[in-house]
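So the structure is just underneath, and the comments pick up after that.
Ligands are counted one by one from 1 in listed order, and the atoms in each one are counted from 1 as well.
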Amino acid sequence: MFNLTKSQEAFAEAKGLMPGGVNSPVRSYQGMGYPPPFIDHAKGSKIYDIDGNEYIDYVGSWGPMVVGHAHPKVVAALHEAIERGTSYGAPTLVESALAKKVMEIYPSVDMIRMVNSGTEATMSALRVARGYTGREKIVKFIGCYHGHSDGLLVQAGSGAATFGTPSSPGVTRGTTKDTITVAYNDIEAITKVMQEQGKDIAAIIVEPVAGNMGLVLPRQGYLHALRELTQKTGTVLIFDEVMCGFRASLGGAQAAYGIKPDMTCFGKIIGGGLPVAAYGGKREIMEKVSPSGPVYQAGTLSGNPLAMTAGLVTLELITQRPSDDEPDYSRKLTLKTKKLLLGLEEQAKIAGVKIQAHQAGSMFGIFFNASDVYDYETSAASDQEAFRIYFRSMLEQGIYFGPSQFETSFMSGAHTDEDIEKTIEASKKAFAAVAAYQKNK
Ligand code: KE4
């Protein structure tokens with residue numbers, strides 16, 4: 001019997017200690033009608049809460065756990081590393097090793113700087129782009145999330161393109177006045193902005209495959225248009241691949257779509273579950289970063305040896321080629337994801353529930369929507385109550401998804417065919433519950 005008694009008690013206590021009882025808002029299960037399961041441990045594709053419930057985990061810590069939880073090789077490497085200390089605040093060989101590994105996979109990156117979170121990576125990349133161009137304005141797209149640095153916490157304007165007004169108290173107009181927000185996937189809107197203001201725009205930052213409005217893919221030609229527009233005006237094109245990196249394909253969205261950005265932000269998988277993120281790109285841009293250049297950026301725990309170790313072993317695992325005739329790691333993940341999505345689509349159809357199922361490599365998501373979802377507006381038009389009903393039914397059946405329509409789900413190398421079959425089987429009841437709700441609403 002599914003019960004969350006201990007999590008309920010733990011959550012009540014946590015709410016007196018941390019805002020909303022959590023250290024990141026999405027974890028609070030707000031509006032889901034359940035307390036968030038407090039996790040005791042995880043292994044492979046499974047995650048276990050303090051009430052003893054076992055779940056098949058498609059959150060994977062919001063992306064990092066691409067090889068599954070507590071992978072023996074990652075654990076062994078960390079045991080070995082921790083015996084040599086946890087942090088030195090000094091250069092180490094493992095930082096160079098991880099840098100080289102990332103640059104092997106991302107040829108657009110000539111030089112890279114390690115930081116501790118995706119927020120730090122995007123915030124720093126934008127500062128460097130401004131320092132490199134001498135310009136102040138930046139463009140971001142509505143529905144894309146790049147972390148919580150002030151200049152990026154801007155709310156979507158009503159028009160096609162508007163100057164950012166703060167989306168959070170505490171963020172000043174001064175820090176958002178230079179942030180222009182434009183609808184995602186709208187080539188005309190961004191073309192107009194670049195024709196009118198391109199010479200004053202330091203950078204365009206984009207999730208090349210968007211994962212923070214649910215999973216939304218770039219339309220045919222969209223990323224090429226951004227590349228051409230920024231080339232013309234000398235604007236730095238920044239791909240925020242914190243989430244889609246190593247997932248849309250091993251080489252991220254830039255490899256999947258054949259685009260060479262000027263800078264790339266990484267996170268999540270690059271740390272294998274420990275706090276690592278990074279930003280990198282063209283040498284002429286990255287050499288502007290202190291101490292080689294004047295743009296300041298620093299961090300006590302940047303390049304932490306334990307975190308570097310977890311990231312390096314994870315990347316080694318996903319780039320290993322067991323044999324030439326076997327599909328590589330990413331290809332296997334893509335095929336597993338496809339099999340799951342086809343099963344969910346089939347069950348939704350049988351239940352008479354209209355969904356949009358999106359996939360980008362090992363990232364996937366569904367919208368309860370009869371129409372195409374291609375930007376924030378169309379994502380937000382999806383049936384949120386239907387999502388809540390689906391989410392709760394799956395959770396009760398031991399399937400662990402993100403508690404929000406605006407999140408993306410993730411496959412790992414640890415998910416088995418049995419996991420996928422069980423997930424598809426559980427969706428029968430979940431879609432039937434949605435169908436009953438939609439029939440009576
Ligand atoms: P962090 O600062 O949370 O490490 O990374 C920020 C970030 C930057 N860029 C992209 C594309 C991201 O998806 C993220 C963070 N992703 C969210 C998931 N929607 C992290 C989960 C959370 O906020 O707790």
Side-chain angles (χ1 to χ4, degrees), residues 18-30 32 36 39 57-66 113-127 138 140-154 167-168 184 203-218 223 238-248 252-254 256 261 263-280 297 299 301-302 304 307 310-311 358 360-365 376 379 387 400-410:
M18 296 162 279
V22 292
N23 285 307
S24 199
V26 72
R27 304 176 191 172
S28 62
Y29 272 45
Q30 217 144 42
M32 285 298 152
I39 301 307
D57 179 14
Y58 292 105
V59 175
S61 181
W62 306 100
M65 309 320 295
V66 67
R113 168 62 60 88
M114 305 292 177
V115 294
N116 301 285
S117 70
T119 295
E120 237 189 309
T122 57
M123 173 182 74
S124 307
L126 286 165
R127 184 183 307 140
I138 60 169
K140 80 170 287 289
F141 296 95
I142 298 160
C144 287
Y145 175 69
H146 306 290
H148 62 87
S149 63
D150 281 3
L152 290 167
L153 287 183
V154 292
S167 65
S168 162
Y184 187 78
I204 284 182
I205 186 165
V206 66
E207 285 185 67
V209 167
N212 288 287
M213 44 179 140
L215 178 60
V216 172
L217 305 184
L223 298 177
I238 303 175
F239 272 14
D240 177 353
E241 299 225 34
V242 165
M243 185 190 287
C244 60
F246 309 99
R247 285 222 175 255
Q254 56 195 270
M263 296 181 82
T264 303
C265 297
F266 302 97
K268 299 180 192 278
I269 285 177
I270 191 177
L274 268 68
V276 182
Y279 64 98
Q297 184 269 309
L301 293 172
S302 297
N304 171 273
H358 290 179
S362 60
M363 305 163 75
F364 66 99
Y376 180 75
S379 168
F387 175 82
Y400 191 80
F401 283 118
S404 160
Q405 166 69 67
F406 297 107
E407 295 298 342
T408 291
S409 302
F410 304 97

In terms of side-chain heavy atoms, does Q297 have a donor or acceptor partner in R113 at a distance below 3.5 Å? yes
Suppose I only count heavy atoms of S117 and a 4.0 Å limit; which atoms of ligand 1 are within that range? 2 (O), 4 (O)
Does an N or O anywhere in N212 fall below 3.5 Å from an N or O of ligand 1? yes
To the nearest 0.5 Å, tell me how far F406 CZ sits from L215 CG. 13.5 Å
Please confirm whether the backbone N or O of M213 pairs with a side-chain atom of S379, one donor and one acceptor, at under 3.5 Å? yes
Nearest 0.5 Å, please: how far is NE2 in H146 from CD1 in I205? 4.5 Å
T119, portion touching ligand 1 at heavy-atom distance under 4.0 Å: both
Among all protein heavy atoms in this structure, tell me which lies nearest to atom 7 (C) of ligand 1, with the distance rounded to 0.1 Å. G147 N, 3.8 Å
Would the distance check show the side chain of Y279 and the main-chain N or O of I238 forming a donor-acceptor pair, the cut-off being under 3.5 Å? no
In this structure, atom 22 (C) of ligand 1 is nearest to the protein heavy atom S24 OG, 3.4 Å
Ring centres under 6.0 angstrom apart (Y376, F141): no
Just need the protein heavy atom nearest to atom 5 (O) of ligand 1, so name the residue and atom and give the distance. G118 CA, 3.3 Å
Any idea how Y58 and F364 line up, ring-wise: parallel (<30°), tilted (30 to 60°), or perpendicular (>60°)? perpendicular
Could you state the interatomic distance from CE (M243) to OH (Y145), rounded to the nearest 0.5 Å? 10.0 Å
Counting only nitrogen or oxygen atoms and a 3.5 angstrom limit, does D240 reach ligand 1? yes
Output yes when the distance from some N or O of ligand 1 to some N or O of H146 is under 3.5 Å, and no in every other case. no
Could you say whether the N/O atoms of W62 and ligand 1 ever approach to under 3.5 Å? no
Would you mind running through ligand 1 and noting each atom that sits below 4.0 Å from a heavy atom of E207? 11 (C)
Taking a cutoff of less than 4.0 Å between a non-hydrogen atom of the residue and any ligand atom, is K268 in contact with ligand 1? yes
Using distance alone, decide if ligand 1 has a nitrogen or oxygen within less than 3.5 Å of any nitrogen or oxygen in E407. yes
How far is atom 10 (C) of ligand 1 from its nearest protein heavy atom, and which residue and atom name does that atom have? Y145 O, 3.3 Å
